[in-house]
Amino acid sequence: MSGAEAAFAHSQLGIALLAADGRIVRANASLTTLLGIEIGSPIGHEAGVWVEDDDRAKFEAALLALRKGEMPRTRLTVKCRKADGSSLWVAVGMSAYDEAAGSRGIVLELQDVSDWRRSEDELSWVQTHLLQNEKMASIGQLAAGVAHEINNPLGYVYSNLGTLKNYVGDLLQITALFEQAAGAESANDALREAWQQASEKIDVEYLRDDVLALVSESQQGMQRVKKIVQDLKEFSHADAQELRAQADLHAGLDSTLNIVQNEIKYKARIEKNYGKLPMVECVLSQINQVFMNVLINAGQAISDNGVIRIASGIDGDHVWVDISDDGNGIEPGNLKRIFDPFFTTKPVGVGTGLGLSLSYSIMQKHHGRIEVESTVGEGTRFRIRLPIKAD
Amino acid sequence: MYRFLLVDDEINVSKALRRLLLNNAITPHLPEFTVTIHDSPEQALCWAADHKVDVVISDYRMPVMDGVTFLTRIKEVQPDTALLLLSANADMEGVTRAINEVGIFRFLSKPWNDSQLKGAVADALKSQALLLENRRLADEVRLQRGVITKHELELKRLEETSPGITRVRWSDDGGVLLEP
């Protein structure tokens, strides 16, 4: 056996030689082991058949580029399907060589990189979540400090607006009386004149209509500020001040559904597919808040005639609840930011941008997770995972 | 006529509270009263040394002296006053201290709900009236049984209307001190 033959036969890399027509002419033992197929069986097949559908186009495009001589070699990572149906990540090196005049062969070297890929995924998960946790911690601190400063002026402005509304009502009654008096037969000329002049200068009719509306609108504005500050305060309150208890998540889901039904029932129907869940140790009021935020978002993502599916089940020492909708879906660019405080795509006044970040923070304090998958035009799925026993 | 004392370092809070208390459009209605406002707890203490107060509503977080300390000292001079704490941040420590150390009547949070706040003041007056009525009856019984004298009862009454009047403070040189 020549050195080259020995290297081919004993290399730990899976190696295949492709003829000009793209079919495999030779493959070593490592390749067949890697793909879990019988020795000799790849011969005559195109290499692309072992590549998963999602990556095949990319794979074929690279082969084509090499064959055309656009580049001498390249390297890419694709997902491959083994003979037993399982899949693995493979780093593929591709090198073109001149087989005969005008005909280019290709050497493929395959290496299983599933383990690297997994740890890489894990690492990036940990990284984004560390970052997110840090964001949550700082928003909590900020909230505690800011809430006090805002609540003071908020307290008296809000209360004053209520009093102002009463005052204005009283003043309007008095002006009405005055107008009546000035318009009466018995009124003296000076009074009548004074009223006429004043009402010409000031558009009394308009003022009367507008002043109460003005106060009401201001009250609505303050109501919104109040809600935001309250939501913000929840961040610092989401700590373990409330006691955890054994709770029935299905009961929690059902009672939350009752609350949000008004927002949903005209647009979507609910399909429940509950599994069997044990009692879960948690602060149910907080978990319900998570359900509520996700359900309201699901409802808002649906324009009409949609379906919201709720499923649940056990996975080892965790339980999971899936809430999915067939609504608009989330743009990939936004998907990374949905848990960020104050991030919202809703129109002004509809959302505070704190619902999901608060949910995130609640799940984090429960040592659980909230995960999202979404495709634009198809819908969104949130998965909520909770440990059955708190630590 | 009842007297309410409002203490908050942010004077606009007290002003808004006064408006709210005086506004008859907001229920419940309160019996007749006057309102005194202070933006410094120390000044409020000086004032309370010789003015009878029925209800105190105090802020929690104030410079120099916090609300719990302030209410504790009010209670030393006027033990029968109903104490309410109004706070913008309900931290557990503050609430615990207010309840355990001072025995406040209500803990209210900012921003407050107008009718709830007024209701709390009305409730405070009611429970205080009950307490005082109880004590008056008990004193009457003691008087009948000869446990206390008319003189002692009168002193007690005086002390209730003008706190500190029955205790004379002497200075080192033998003079009588009028300021607390």
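Residue numbers start from 1 in every chain, and the chains themselves are labelled A, B, ... in the order their sequence lines are given, proteins ahead of strands.
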Extract all donor-acceptor atom pairs below 3.5 Å that involve side chains of residues 31-40 of chain B and protein atoms in other chains or at least two apart in sequence.
{"from": "B:S40", "atom 1": "OG", "to": "B:E42", "atom 2": "N", "distance (Å)": "3.3"}
{"from": "B:S40", "atom 1": "OG", "to": "B:Q43", "atom 2": "N", "distance (Å)": "3.1"}

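- Below 4.5 Å, heavy atoms of chain A meet no heavy atom from residues 73-81 of chain B.
- A:F339 pairs by the ring pair (Phe, Tyr, Trp, His ring centres under 6.0 Å) definition with A:Y360, not counting sequence neighbours.
- Contact detail for A:N151 and B:A88: the closest heavy-atom pair is ND2-O, 3.3 Å.
- Scanning residues 8-24 of chain B against chain A with a 4.5 Å non-hydrogen threshold yields B:D8, B:E10, B:N12, B:V13, B:A16, B:R19, B:L20, B:N23, sorted by number.
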Taking it one step at a time, do B:K110 and A:L154 satisfy side-chain contact (heavy atoms from CB on, under 4.5 Å)? CA-CA 8 Å; B:K110 287 180 194 171; A:L154 183 61; over 6 Å; no
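- Closest approach of A:Y158 to B:W112, counting heavy atoms only: CD2-O, 4.5 Å.
- Taking NZ from A:K226 and CG from B:N113, the interatomic distance works out to 6.5 Å, rounded to the nearest 0.5 Å.
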